[in-house]
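Only heavy atoms go into these numbers, but all of them, side chains included; no hydrogens, no water, no symmetry mates. All residue numbers in this chain count up from 1 along the given sequence.
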Amino acid sequence: MIVSSALDVYNLALSAVHARGRLTALTDNKRERFECDRWYEMVFKVTQEASFWPSNKTITKLTDKKTRNFQNDWQEGDPDPQFKYSYELPYNYLRARYLTNYDRFTLTFDQFTQSIRLNTNTDDAVLVYTMSQDDLTVWEPDLVQATVYGLAGHIAGPITGRGELIQKNINLANEFLQKAQTAVDDDHIPVEHIPPEFIARGYGGDTTSHRFIYPYGSFFSAAVTNP
């Protein structure tokens, strides 16, 4: 399943729900296009955030650092109380994954800058994150299928009136998202941090380091629009 534009995704979703018509352009004055437009942005966001896809993975050194002085009382605009630094998120940011040193962080809405900022105790933090990947030609096949079936699940009711197609397509989309998450989880195995010589001497402590990885986004809900 190869796509190069949102139009391809729309038509594949229409095919998945057995719609009679197809679209020739994203400007077609048809109900099918209006329904796809209505749901596409949300479906795009869910599938992009639901796993750590290679096609939307990027890394950057965070900027616009704010530093808290712990000798003073916390005040609005400071990093979260338990953290020393806060940073501006990248312009194409969609969802955090992890800092390169796997340090803990939080995300907070800053009322002064009217933006979400990342708080951590890491100086000069480097963030691995999910970007909004608008180039569909680089999407993985499973990302394409999750997006197609996710969109199909949301347009099935309004376009066809067949409620069974809602659940079928939502389930298919979630299966691809679950598959992607499982593959990533197998990659993120905690690493040994106690020197082997201490383990050999019978040291009984925890033998794994705990790496902070930001949670995935949610799956699709079956509670979508019915006719």
Side-chain angles (χ1 to χ4, degrees), residues 1-3 6 8-10 12-13 16-17 36 39-60 62 89-90 92-108 116 118-120 122 125-156 165-193 206-225:
M1 192 178 289
I2 300 174
V3 297
D8 293 334
V9 175
Y10 284 16
L12 286 168
V17 300
C36 288
W39 293 106
Y40 180 70
E41 184 176 348
M42 184 276 292
V43 169
F44 173 93
K45 192 171 189 297
V46 169
T47 56
Q48 294 275 320
E49 292 188 12
S51 187
F52 293 170
W53 305 101
S55 62
N56 60 17
K57 174 184 177 181
T58 191
I59 182 171
T60 191
L62 298 177
L89 292 171
N92 60 352
Y93 167 90
L94 196 59
R95 193 174 187 88
R97 300 192 182 190
Y98 49 88
L99 296 176
T100 52
N101 65 350
Y102 292 101
D103 199 5
R104 182 168 292 277
F105 62 87
T106 62
L107 299 173
T108 305
I116 297 176
L118 184 146
N119 308 275
T120 183
T122 297
V126 178
L127 177 67
V128 179
Y129 67 98
T130 293
M131 63 175 283
S132 181
Q133 181 54 270
D134 298 315
D135 182 359
L136 279 62
T137 64
V138 301
W139 286 10
E140 293 76 19
D142 283 358
L143 175 54
V144 173
Q145 295 190 83
T147 305
V148 166
Y149 290 126
L151 183 59
H154 285 78
I155 66 174
L165 290 177
I166 298 173
Q167 190 67 57
K168 175 185 176 182
N169 284 284
I170 291 297
N171 287 345
L172 285 170
N174 286 339
E175 285 176 13
F176 282 107
L177 298 180
Q178 181 65 65
K179 175 184 174 184
Q181 284 190 6
T182 301
V184 173
D185 289 341
D186 290 343
D187 256 353
H188 286 80
I189 301 172
V191 296
E192 186 176 276
H193 77 284
D206 184 4
T207 60
T208 59
S209 65
H210 299 284
R211 308 190 297 180
F212 181 75
I213 299 174
Y214 198 70
Y216 303 120
S218 61
F219 285 176
F220 291 108
S221 167
V224 296
T225 301

**OP:** Output all residues satisfying side chain to side chain contact (heavy atoms under 4.5 Å, CB included) with Pro141, sequence neighbours left out; order by chain, then residue number.
**Re:** none
Original post:
Side chains of Tyr149 and Asn174: is there a donor and an acceptor less than 3.5 Å apart?
Top reply: no
Subject >> Any side-chain heavy-atom pair of Thr47 and Phe220 under 4.5 Å >> reply: yes
Subject >> Sidechain-backbone polar pair: Thr120 side chain, Arg104 backbone, donor-acceptor under 3.5 Å >> reply: yes
Original post:
With Lys179, which residues qualify under salt bridge (charged side-chain N to carboxylate O under 4.0 Å, His left out), at least two apart?
Top reply: Asp142
Original post:
Is there a side-chain contact (heavy atoms from CB on, under 4.5 Å) between Asn169 and Asn171 once you walk through the steps?
Top reply: CA-CA 5 Å; Asn169 284 284; Asn171 287 345; over 6 Å; no
Original post:
Quick one: does Tyr216's side chain get under 4.5 Å of Leu177's, heavy atoms only?
Top reply: no
**OP:** Taking all heavy atoms of Leu143 and all of Gln48, pick out the closest pair and write down the distance.
**Re:** CD2-NE2, 3.7 Å
**OP:** To the nearest 0.5 Å, tell me how far Met131 CE sits from Arg97 CZ.
**Re:** 10.5 Å
Subject >> Side-chain heavy-atom pair Cys36, Leu151 within 4.5 angstrom cut-off >> reply: yes
Subject >> Verdict with supporting geometry, Leu107 and Tyr214, side-chain contact (heavy atoms from CB on, under 4.5 Å) >> reply: CA-CA 10 Å; Leu107 299 173; Tyr214 198 70; 3.5 Å; yes
**OP:** Give the minimum heavy-atom separation between Ala173 and Gly150, together with the two atoms involved.
**Re:** CB-N, 3.5 Å
Original post:
If you take all heavy atoms of Tyr129 and Ala96, which pair is closest and at what distance?
Top reply: CB-CA, 4.2 Å
Original post:
Once you round to the nearest 0.5 Å, how far does CG of Leu89 lie from CG of Leu94?
Top reply: 11.0 Å
Subject >> Between CD1 on residue Ile166 and CD1 on residue Ile155, distance to nearest 0.5 Å >> reply: 11.0 Å
Original post:
Is there a donor-acceptor pair under 3.5 Å between the side chain of Trp139 and the backbone N or O of Trp53?
Top reply: no
Subject >> Residue pair Phe176 / Ser51, side-chain heavy-atom distance below 4.5 Å >> reply: no
**OP:** Any chance you could measure Gln133, atom CD, to Asn92, atom CG, to the nearest 0.5 Å?
**Re:** 9.0 Å
Subject >> Test applied, side chain to side chain contact (heavy atoms under 4.5 Å, CB included); reference residue, Leu12; option that passes from Val148, Ile2, Thr147 >> reply: Val148
Subject >> For the student: nearest non-hydrogen atoms of Ser218 and Val46, plus distance >> reply: O-CG1, 3.4 Å
Subject >> Passing candidate, ring-ring contact (aromatic ring centres under 6.0 Å, His included) with Phe212, options Tyr98, Tyr102, Phe105 >> reply: Phe105
Subject >> Flag side-chain contact, heavy atom, 4.5 Å: Leu127 against Leu118 >> reply: yes
**OP:** Determine the minimum heavy-atom distance between Leu136 and Ala6, stating which atoms define it.
**Re:** CD2-N, 3.7 Å
Original post:
For Arg95, which residues count as a salt bridge (charged side-chain N to carboxylate O under 4.0 Å, His left out) partner, sequence neighbours excluded?
Top reply: Glu49
Subject >> Rounded distance (nearest 0.5 Å) linking atom CG of Asn101 with atom CG of Asp103 >> reply: 5.0 Å
**OP:** Identify the two heavy atoms, one from Val17 and one from Ala152, that lie closest to each other, and give their separation to 0.1 Å.
**Re:** CG1-O, 3.3 Å
Original post:
Is there side-chain contact between Ser221 and Ile170, with heavy atoms separated by less than 4.5 Å?
Top reply: no
Original post:
So, do Ile116 and Tyr93 sit near enough that their side-chain heavy atoms are less than 4.5 Å apart?
Top reply: no
